[in-house]
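Residue numbering restarts at 1 for every chain, and letters A, B, ... go by the order of the sequence lines.
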2 protein chains.
Amino acid sequence: MKLTSKGRYAVMALVDLARFDSINPVSLRDISLRQGISLDYLEQIFSKLKKNQIVQSIRGTQGGYVLSKKPNEIKLTNIFHAVDEKVKTVQCKKESKKGCNGKATKCSTHNLWDELETHINSFFEKKSLEDLLKNNNDQRI
Amino acid sequence: MKLTSKGRYAVMALVDLARFDSINPVSLRDISLRQGISLDYLEQIFSKLKKNQIVQSIRGTQGGYVLSKKPNEIKLTNIFHAVDEKVKTVQCKKESKKGCNGKATKCSTHNLWDELETHINSFFEKKSLEDLLKNNNDQRI
DNA sequence: ACATACCTGACTAAAATGGTCAAGTATAGA
DNA sequence: TCTATACTTGACCATTTTAGTCAGGTATGT
């Protein structure tokens with residue numbers, strides 16, 4: 001299972017973007033400064049977000065990024081999927097003869113991970129960027 | 001967040017142990033053969049399980065391991081905790097001035113990870129070794 | 001033309017993962 | 001008491017992943 005800083009950065013950056021893109025596109029430089037994330041790393045992340053139609057880019061001076069959809073249409077699932085944070089639990093090796101063979105005698109933990117995956121995914125399906133924005137505003141007093 | 005093979009192996013091994021320890025202690029060698037997990041690696045894992053009072057060891061010929069508690073008293077939380085599979089999501093760096101500083105202006109994702117952690121932990125709190133045993137027996141026709 | 005800002009790919013240090021290897025110690029049974 | 005079995009401990013290691021850096025681009029508004 002993977003759920004690391006890259007996914008966290010993606011979410012942080014998108015929350016930041018959502019808060020500032022109402023008037024002008026937001027440059028990665030600004031996000032980098034505000035969120036304390038390396039600019040080079042942000043570029044990698046946004047490249048993926050763009051490929052997955054979560055953001056749009058505007059080149060040139062005063063350019064930057066804008067959300068492609070409304071914050072309530074962007075689920076966390078989409079974000080994690082975009083940056084390759086597969087919310088996948090450890091898989092049983094297909095070749096292994098002992099333990100799991102995918103047939104009648106599945107290994108004892110096979111169903112467990114499937115269940116867990118469903119459980120986690122349902123959490124991320126429900127949460128949208130908008131939910132995080134609200135949450136964030138509440139906190140800033 | 002960490003949730004890797006070590007945790008999976010620990011659960012697999014304990015399910016195996018629970019199914020065979022009713023009469024005699026079960027040797028790691030047997031578990032290794034049945035589950036296809038390296039004996040040396042199992043020893044590392046069981047050393048931790050023992051420290052956390054999940055299993056007891058019996059040395060000498062015909063020795064092996066036995067569960068310290070009943071299967072329904074061993075929650076998955078206990079197992080993962082024992083083998084250092086911290087179900088902890090990525091943390092905000094404490095030193096970072098931007099983003100999260102732990103005070104009023106928490107970073108936008110801080111609560112998210114807390115929530116997720118609670119969500120996942122509740123899943124593991126509910127599941128006990130006994131649940132997996134049932135599940136496993138059902139499958140073996 | 002030039003500054004800004006996106007874009008791309010190669011590279012890398014450090015950590016985590018999933019083990020192996022070696023050298024024990026304890027105990028049951030012959 | 002000898003010996004085979006099985007637990008115990010700690011060092012070591014190859015590979016992969018992570019979290020970036022670096023070095024170049026290209027596009028565009030002013």
Side-chain angles (χ1 to χ4, degrees), chain A residues 1-10 12-13 17 20-21 24-33 35-52 54-66 68 80 83-86 88-93 96 99, chain B residues 1-10 12-13 17 20-21 24-33 35-52 54-66 68 80 83-86 88-93 96 99:
Chain A
M1 155 171 269
K2 282 170 55 185
L3 248 184
T4 61
S5 294
K6 191 184 283 182
R8 201 169 87 83
Y9 286 164
M12 286 171 71
L17 181 56
F20 288 97
D21 83 341
N24 299 310
V26 181
S27 72
L28 292 190
R29 199 174 144 277
D30 287 354
I31 296 179
S32 166
L33 290 172
Q35 302 296 328
I37 305 169
S38 139
L39 175 60
D40 288 306
Y41 202 32
L42 272 181
E43 284 176 344
Q44 282 182 40
I45 292 169
F46 271 75
S47 158
K48 294 183 176 186
L49 292 176
K50 192 189 168 189
K51 270 183 198 141
N52 284 266
I54 292 170
V55 295
Q56 284 181 316
S57 66
I58 294 146
R59 302 185 80 150
T61 323
Q62 303 301 316
Y65 284 94
V66 200
S68 293
F80 288 128
V83 296
D84 293 326
E85 291 270 59
K86 293 162 197 161
K88 278 250 165 196
T89 47
V90 259
Q91 293 302 309
C92 314
K93 289 172 197 165
S96 96
Chain B
M1 155 171 268
K2 281 169 56 185
L3 249 185
T4 62
S5 293
K6 190 184 284 183
R8 200 168 87 83
Y9 286 164
M12 285 171 71
L17 181 56
F20 289 96
D21 82 341
N24 299 311
V26 182
S27 72
L28 293 190
R29 197 172 146 277
D30 287 353
I31 298 179
S32 166
L33 290 172
Q35 302 297 328
I37 305 169
S38 137
L39 176 61
D40 287 308
Y41 202 32
L42 272 181
E43 285 175 344
Q44 279 182 40
I45 292 170
F46 271 75
S47 158
K48 294 182 178 186
L49 292 175
K50 190 189 169 189
K51 271 183 198 142
N52 285 265
I54 292 171
V55 295
Q56 284 181 317
S57 66
I58 294 146
R59 303 184 80 153
T61 323
Q62 303 300 317
Y65 284 94
V66 199
S68 293
F80 289 127
V83 296
D84 292 328
E85 291 269 60
K86 294 162 197 161
K88 279 250 163 193
T89 46
V90 258
Q91 291 302 309
C92 314
K93 289 172 195 164
S96 94

Taking for A:K50 and for A:T61 the nucleotide of DNA chain C with the nearest heavy atom, the one nearer the 5' end belongs to A:T61

Measure from [atom1] on [X] to [atom2] on [N] and round the result to the nearest Å.
| X | N | atom1 | atom2 | value |
| --- | --- | --- | --- | --- |
| A:N24 | C:dT4 | CG | P | 16 Å |
| B:L49 | D:dC7 | CG | P | 13 Å |
| B:I58 | C:dA26 | CD1 | P | 17 Å |
| B:R8 | C:dT17 | CZ | C1' | 14 Å |
| B:L42 | C:dT17 | CG | P | 18 Å |
| A:Y9 | D:dA19 | OH | P | 7 Å |
| B:K48 | D:dT8 | NZ | P | 15 Å |
| A:L39 | C:dT8 | CG | P | 15 Å |

[X] side chain: which of [options] is closest?
| X | options | result |
| --- | --- | --- |
| B:D40 | C:dC7, D:dT18, C:dA22 | C:dA22 |
| A:Y41 | C:dT20, D:dC7, D:dG20 | D:dG20 |
| A:S27 | D:dT28, C:dA5, D:dA19 | C:dA5 |
| A:R59 | D:dT28, C:dG19, D:dG20 | D:dT28 |
| B:S57 | D:dA4, C:dA3, D:dT8 | D:dT8 |
| A:Y65 | D:dA19, C:dG19, C:dC6 | C:dC6 |
| B:S38 | C:dA5, D:dC7, C:dG19 | C:dG19 |

Review point. Within less than 4.0 Å of OP1 or OP2 of C:dG18, is there a side-chain N or O belonging to B:T4?
Key: yes

**Asked** Taking only N and O in the side chain of B:K6, is any of them less than 4.0 Å away from OP1 or OP2 of C:dT17?
**Response** no

So, under a plain 3.5 Å distance rule, would you say the side chain of A:E43 forms a donor-acceptor pair with the base of D:dT21? no

Between the base of D:dT21 and the side chain of A:Q44, is one N or O donor paired with an acceptor at under 3.5 angstrom? yes

Item to complete: Using a 4.0 Å heavy-atom cut-off across all strands, classify A:V55 as base, sugar-phosphate, or nothing.
Response: nothing

Practice prompt. Name the nucleic acid region contacted by B:F46, choosing base, sugar-phosphate or nothing; use a 4.0 angstrom heavy-atom cut-off, strictly under.
Written response: nothing

Task: A:L28 side chain near A:F46 side chain, heavy-atom distance below 4.5 Å - done: yes

Check: So do B:P25 and B:Y65 actually touch side chain to side chain, heavy atoms under 4.5 Å?
Finding: no

Between B:S47 and B:R29, whichever has its closest DNA chain D nucleotide further toward 5' is B:R29

Rounding to 0.5 Å, atoms CG (B:L42) and CE (B:M12) come to a distance of 9.5 Å

Value for CG (A:L49) from OG (A:S57), rounded to nearest 0.5 Å, stands at 11.5 Å

Only residue of B:L39, B:V26, B:I45 satisfying side chain to side chain contact (heavy atoms under 4.5 Å, CB included) with B:I31 is B:V26

Does atom CD of B:Q62 have more than 12 heavy-atom neighbours, drawn from other residues, nucleotides or ligands, at distances under 6.0 Å?
no

